[in-house]
Structures are given as structure tokens and as C-alpha cells.
Amino acid sequence: MSTRARITFAVVGLIVASCGGGGETDDTSGDTGAIETTTTLDSPTEVLTIMSHDSFAGGVTDDTFAPFTEATGIEVRVLPAGDAGSMVNQAILTVDNPIADVLFGIDDSFLSRAFEAGIFAAHESPLLDEVPDDLQLDDEHRVTPIDRGDVCLNYDLEYFSNGVRPPLNLEQLTNPEYEDLLVVEHPGTSSPGLAFLLSTIATFGEDGWQDYWRALVDNGVKVARDWDTAYYSDATWWGGDRPLVVSYASSPPAEVIFADPPTDEAITGVIDEGCYGQIEFAGVLAGTGNETAAGLLVDFMLSPEFQSQVPLTWFVFPANSTVELPQEFVDHTLVPASPNRLDPDLVEENREQWIEEWTEIVLP
């Protein structure tokens with residue numbers, strides 16, 4: 001017995017036409033601007049599982065996927081899997097018996113590794129026309145862009161208001177005035193940590209980044225296992241002793257929105273130079289047995305209904321260009337003029353070697 005679901009993704013959100021057992025359904029949307037897909041779910045399922053990094057899982061509430069559940073009758077569960085690197089490792093290790101239906105949070109630095117392992121099934125979303133071409137990195141549609149952001153150095157505005165000015169670029173981090181002030185994440189276990197390493201490689205070259213990191217070590221750089229530790233334990237604005245932290249260009253609006261007591265001013269700033277651009281993707285995991293339903297879930301994650309939640313929940317930019325950004329996000333988010341990027345194939349070819357070299361230099 002099959003279940004046929006007719007789902008309409010409208011410009012303003014997800015509209016349910018109908019969802020029921022067997023037979024064709026009637027289209028009641030009446031929305032001429034909608035993109036419609038009629039899909040037969042050959043293997044009906046009551047639950048879909050998204051495996052994601054912890055940062056995404058921490059922002060999910062009962063309301064996040066409620067419109068999808070209302071439209072399809074399918075409950076969505078989120079399985080936290082550590083940082084992005086750990087998540088991809090788990091997906092590869094379980095490729096023959098996937099523990100989820102959808103993987104979300106893989107960024108472009110891990111794509112080639114995932115493709116080589118064959119963890120994704122192809123799925124081309126009908127909403128890709130609303131996504132800028134420069135975010136669509138996979139012609140085979142194994143993954144779908146969901147958001148984008150920039151990993152940047154954040155600094156404590158209060159700390160640097162008393163004489164010492166914040167650095168202007170990566171090179172200045174090795175100056176004596178910034179000794180023992182910087183905390184970074186481990187590139188082997190942290191997505192922003194890897195992005196920062198890649199940014200230093202893009203800045204200083206494949207033959208120069210090693211000396212740069214030796215200089216950072218001599219200047220007292222601290223290494224945290226993950227972003228949560230670096231940001232919430234080591235940063236001075238959260239009680240730590242490091243006023244320079246590898247985080248995101250969009251971290252300041254989070255500090256404004258969640259401030260207690262409320263404030264209109266960010267307590268952190270962003271250093272424009274040396275940022276690294278990231279794109280996060282969702283993909284249907286091959287062999288789940290629920291590929292069709294999982295594809296609908298990926299479509300929902302690209303719809304305005306979901307994408308409108310992205311800026312003020314996960315503090316990154318939605319991939320869907322039709323979504324209007326909240327004003328407070330616009331007011332406090334720096335958009336780097338020229339973020340660094342490396343070709344994903346180059347990253348895949350060298351990532352493990354670079355991390356091994358970094359470990360020998362920074363954590364001998």
C-alpha cells in the first residue's frame with residue numbers, strides 16, 4: 001500500500017494541498033505562484049531522522065518541523081552527532097546501514113570525502129531555482145545548499161577599548177600585544193576550526209602556513225576541541241580569558257538578541273580580513289529505505305517556511321534568496337568583503353595531511 005502526498009511549496013511558505021492514503025488527491029492550493037510536486041511514498045514512514053551537528057540540534061524546537069509534519073504526517077527527529085567532522089565520520093562508518101535518513105550540516109570542506117564514500121542519494125529539489133548558483137556546488141544533486149556563513153575572528157569590544165586595538169588581519173595575531181589572547185578550535189574535530197586552518201592556508205599559501213602557525217604557538221594560541229568550548233568557556237565575554245575567538249561573522253547579533261538584560265549594542269566585533277566562507281548542505285542518506293520522504297524533508301528545509309527560521313535560530317544566512325532577513329540580523333552581522341575560499345577538491349586532497357601537519361606543529 002502506498003501513500004500519495006501532494007505538497008505545495010509556495011513563495012511565502014509551505015501550503016498543504018492534501019495528504020492521504022491511496023489514490024490521487026485534489027489540488028486545493030489555488031496558489032499560481034507555487035512550485036508543486038506530486039510524490040508517491042512507496043515506503044510509508046511515520047518518522048524521519050536528521051543527523052546533524054550539535055549546533056543545529058540545539059536550535060531545534062517542537063515548532064521547527066511542525067509544518068512538515070502537518071503536511072505529511074511524518075514526525076522529524078534530530079540526532080546530534082558532535083561537530084561537523086564527527087558527524088561526517090559517523091555517516092561514513094554507517095554507510096551500509098545508515099542511522100538517519102537525512103544528513104544536515106556538512107560543509108563544502110567535507111563534500112569530496114562524503115561523495116567518495118557514497119553516503120548520499122541524488123535528490124534535485126524543485127526550489128533550487130531560488131538558490132544562487134555560487135552555492136550549488138554539486139551538479140549531481142547529492143546535496144542541497146541550506147545556509148551559508150563566514151567563519152571569522154570575533155573580539156571583545158570592551159577588552160579592546162582600553163588601549164590595545166584589535167588586530168586588523170591574521171598576520172597581526174602573531175604580534176606581541178596579542179600574546180595569550182587567541183583561542184581557536186581543533187581543525188580535526190571542529191568545522192570552524194578547520195575553516196580557520198583553511199583560511200590561513202589560503203592567506204599564507206601551502207608553503208607558508210606552517211611558519212605562521214609556529215608563530216601563533218610562540219604567541220600563546222590556545223586550542224579548544226570545539227566551538228562551544230572556545231566560545232562559551234574561553235571567551236572573555238563569557239567569563240574566560242581569551243578576547244579573540246574563532247567564531248562567525250554572525251555571532252554578534254546572537255549576543256544582542258539573547259542579551260540579559262536586553263541591549264541594542266553588540267558586545268563583540270568581527271575582524272573582516274581572514275574570514276572563510278562556508279556553505280552548509282543537507283543530503284538524503286543512501287540506503288535509508290525512505291529516500292522519497294527524505295527528499296521531501298530536504299525540500300522543506302529549502303522552503304521559505306523553514307528558511308525564515310535560519311537567521312535568528314542558527315545565525316547564518318538562508319540559502320533561499322527569496323527570504324527576507326530580519327532587521328536585527330542585518331544590523332549586527334558583518335558581511336566580509338572578500339572571504340577566503342579553497343577549492344573543495346584541493347581541500348579533499350590535502351585535508352588529512354594539513355590536519356596532521358597542524359597537529360605536529362600546534363600539539364606536538
Side-chain angles (χ1 to χ4, degrees), residues 52-66 78 80 83 105 147-168 173 177-178 180-185 190-193 195-196 222 224-275 278 280 304-318 323-336:
S52 75
H53 51 64
D54 291 350
S55 296
F56 174 77
V60 172
T61 69
D62 292 341
D63 297 328
T64 304
F65 293 102
V78 178
D83 213 306
D147 66 64
R148 65 172 182 86
D150 298 284
V151 173
C152 300
L153 285 165
N154 286 199
Y155 65 93
D156 187 333
L157 288 171
E158 181 178 2
Y159 182 94
F160 288 106
S161 67
N162 298 316
V164 179
R165 299 181 58 134
L168 299 177
L173 289 172
E177 59 264 37
Y178 305 114
D180 297 332
L181 300 187
L182 172 66
V183 58
V184 304
E185 298 88 2
S190 167
S191 176
F196 184 69
K222 183 177 182 179
R225 176 175 175 80
D226 52 35
W227 177 85
D228 285 306
T229 302
Y231 197 86
Y232 291 114
S233 295
D234 294 317
T236 49
W237 54 92
W238 282 96
D241 61 0
R242 300 279 163 154
L244 291 165
V245 180
V246 172
S247 189
Y248 294 89
S250 51
S251 294
E255 295 294 344
V256 172
I257 291 165
F258 296 115
D260 185 16
T263 180
D264 293 328
E265 299 293 332
I267 61 174
T268 58
V270 175
I271 298 169
D272 181 271
E273 292 194 34
C275 296
Q278 279 188 324
E280 286 193 312
E305 184 83 20
F306 179 88
Q307 291 274 296
S308 63
Q309 303 177 62
V310 166
L312 297 186
T313 303
W314 296 284
F315 295 92
V316 285
F317 290 88
V323 175
E324 184 175 354
L325 295 173
Q327 191 59 45
E328 57 265 53
F329 188 84
V330 174
D331 290 343
H332 299 286
T333 301
L334 177 143
V335 179

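Only this structure's heavy atoms are used, side chains among them; waters, hydrogens and symmetry mates stay out.
Scanning both residues, Ile271 and Pro167, for their nearest heavy atoms gives CD1-O, 3.4 Å. The two residues Val245 and Ala235 come nearest to each other via the heavy atoms CG2-CB, 3.7 Å. Across all their heavy atoms, Gln309 and Thr64 have their closest contact at NE2-O, 3.3 Å. Shown here for Asp54 and Pro80, the closest heavy-atom pair between the two residues is OD1-CB, 3.2 Å. Across all their heavy atoms, His332 and Asp264 have their closest contact at CE1-O, 3.1 Å. Of all heavy-atom pairs spanning Thr333 and Pro253, the tightest one is OG1-CG, 3.2 Å.
The neighbour count for Glu158 CD, taken as heavy atoms of other residues, nucleotides or ligands under 6.0 Å away, does not exceed 12. Around atom CD of Glu265, no more than 12 heavy atoms belonging to other residues, nucleotides or ligands sit under 6.0 Å away.
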**Q.** Working for side-chain contact (heavy atoms from CB on, under 4.5 Å), residues Tyr248 and Val151
**A.** CA-CA 4 Å; Tyr248 294 89; Val151 173; 3.7 Å; yes
Q) Going through the checks in order, is the side-chain contact (heavy atoms from CB on, under 4.5 Å) test met by Leu157 and Ile267? A) CA-CA 6 Å; Leu157 288 171; Ile267 61 174; 5.6 Å; no
Q: Applying side-chain contact (heavy atoms from CB on, under 4.5 Å), run through Leu153 and Leu182 and close with a yes or a no.
A: CA-CA 9 Å; Leu153 285 165; Leu182 172 66; 3.7 Å; yes
Q: Please report the C-alpha distance between Phe329 and Val310 in whole Å, then the side-chain angles of each, then the deciding distance to 0.1 Å, and finally whether the side-chain contact (heavy atoms from CB on, under 4.5 Å) criterion is met.
A: CA-CA 11 Å; Phe329 188 84; Val310 166; over 6 Å; no
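Using the six-membered ring where Trp is involved, Trp238 and Tyr232 have ring planes that are perpendicular, over 60° apart on the 30 and 60° scheme.
No option in Ser190, Ser55, Ser247, Ser191 other than Ser247 meets the side chain to side chain donor-acceptor pair (under 3.5 Å) test with Trp227.
Using modelled atom types, one finds no donor on one side chain facing an acceptor on the other under 3.5 Å when comparing Thr268 with Asn154.
Aromatic ring centroids of Tyr155 and Tyr178 lie 6.0 Å or more apart. For Trp237 and Tyr231, the gap between ring centers is short of 6.0 Å.
Contact annotation: the side chain of Leu312 approaches that of Glu328 to within less than 4.5 Å [non-hydrogen atoms, C-beta and beyond]. Contact check for Asp234 versus Lys222: side-chain heavy atoms found under the 4.5 Å cut-off. Considering only heavy atoms from C-beta on, Val270 stays 4.5 Å or farther from Ser251 through its side chain.
Residue Arg242 holds its CZ atom at 7.0 Å from CG of Leu181, rounded to the nearest 0.5 Å. One finds the CG atom of Asp150 at 8.0 Å from the OG atom of Ser250 (value rounded to the nearest 0.5 Å).
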